[in-house]
Amino acid sequence: MCHPGKLADWFDDSTAGGALKSGAPLLHTRTRPDAWREWAAAADKPAPDAPGQTFDHFYFSLQAAVAGLGVAIGPWRLVRDDLDSGVLAAPMGFVEDGSRYCLFAPQSLPPGSPQAALLDWLRKAA
């Protein structure tokens with residue numbers, strides 16, 4: 001995804017799904033260094049090879065995308081408000097990549113505990 005004002009610069013709208021143009025600046029994260037390669041495999045597209053910047057966490061790469069610095073990868077749940085408000089655009093859409101968030105506990109959670117409340121909230125939110 002990227003700043004909507006950069007769509008014509010970084011995406012070719014003549015192809016279905018708006019292909020990424022060669023040389024579009026990619027935004028990377030230290031927490032998911034293979035995100036672009038994994039996305040390309042999940043989307044059945046060639047892995048982009050372009051210059052870019054690396055950030056410590058994908059949240060910062062998303063903020064860089066909002067600022068118009070490049071094209072980022074991020075989970076739909078975390079960018080949907082930015083997409084709805086128009087500060088980000090996702091010209092290539094989203095693909096399932098198999099990643100997920102998990103809650104691990106060393107033992108059963110006691111009913112009424114804060115940990116059990118968190119688990120209940122996560123189940124309802126998901």
Side-chain angles (χ1 to χ4, degrees):
M1 61 213 72
C2 70
H3 186 280
K6 298 292 188 172
L7 288 171
D9 296 336
W10 297 333
F11 290 90
D12 180 0
D13 62 3
S14 67
T15 61
L20 192 62
K21 288 181 180 178
S22 175
L26 303 182
L27 303 175
H28 306 276
T29 66
R30 293 193 206 298
T31 55
R32 291 197 61 205
D34 295 326
W36 280 103
R37 184 184 53 76
E38 292 168 1
W39 169 83
D44 196 29
K45 297 186 182 285
D49 183 24
Q53 292 181 300
T54 300
F55 297 87
D56 285 335
H57 193 274
F58 71 87
Y59 173 78
F60 298 124
S61 69
L62 296 174
Q63 291 304 302
V66 168
L69 299 179
V71 182
I73 290 179
W76 176 80
R77 286 197 177 273
L78 295 180
V79 299
R80 64 183 180 180
D81 290 341
D82 288 337
L83 293 170
D84 288 345
S85 69
V87 298
L88 278 178
M92 298 179 77
F94 293 87
V95 294
E96 290 284 336
D97 68 355
S99 63
R100 62 182 184 254
Y101 292 98
C102 300
L103 174 66
F104 292 98
Q107 58 195 7
S108 296
L109 301 177
S113 69
Q115 296 86 353
L118 173 62
L119 179 59
D120 290 341
W121 177 81
L122 287 170
R123 285 181 174 152
K124 290 175 186 168

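Since this is a predicted model, take the numbers as computed values, not measurements. All values below come from the heavy atoms of this structure, side chains included, with hydrogens, waters and symmetry mates left out.
Identified under the salt bridge (charged side-chain N to carboxylate O under 4.0 Å, His left out) test for residues 34-44, with sequence neighbours left out: Arg32-Glu38, Asp34-Arg37. Identified under the side-chain hydrogen bond (donor to acceptor under 3.5 Å, both in side chains) test for residues 115-126, with sequence neighbours left out: Ser113-Gln115.
Put simply, OG on Ser85 and CG on Leu83 are 8.0 Å apart, with the number rounded to the nearest 0.5 Å. Taken from CG in Leu26 to OG in Ser61, the straight-line distance is 11.0 Å, to the nearest 0.5 Å. With rounding to the nearest 0.5 angstrom, the CZ atom of Phe58 is 4.5 Å from the CG atom of Leu78.
Contact between Gly68 and Trp10 at its shortest, heavy atoms only, is O-CH2, 3.3 Å. Closest of all the heavy-atom pairs between Gly74 and Leu62 is CA-CD2, 4.1 Å. Counting all heavy atoms, side chain and backbone alike, His3 lies closest to Leu88 at N-CD2, 4.2 Å. Of all heavy-atom pairs spanning Met92 and Leu20, the tightest one is SD-N, 4.0 Å. Minimum interatomic distance between Leu27 and Ala65 (heavy atoms only, all atoms of both residues): CD1-N, 3.5 Å.
A donor-acceptor distance shorter than 3.5 angstrom exists from the side chain of Lys21 to the backbone of Ala8, with no hydrogens or angles considered. Here the side chain of Trp36 pairs no donor or acceptor atom with the backbone of Ile73 at under 3.5 angstrom.
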Kindly determine whether Val79 and Met1 satisfy side chain to side chain contact (heavy atoms under 4.5 Å, CB included), including the steps that lead there. CA-CA 9 Å; Val79 299; Met1 61 213 72; 3.4 Å; yes
Are Lys6 and Phe11 close enough, and set up right, to give a side chain to side chain contact (heavy atoms under 4.5 Å, CB included), and what steps lead you there? CA-CA 8 Å; Lys6 298 292 188 172; Phe11 290 90; over 6 Å; no
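Applying the side-chain hydrogen bond (donor to acceptor under 3.5 Å, both in side chains) criterion to Asp56, with sequence neighbours excluded, gives Arg30.
Residue Phe60 places its CZ atom among 12 or fewer non-hydrogen atoms of other residues, nucleotides or ligands, all under 6.0 Å distant.
Criterion: ILVMFWY side-chain heavy atoms under 4.5 Å apart, direct or through other members. Under it, Trp76 and Val66 are part of a common hydrophobic cluster.
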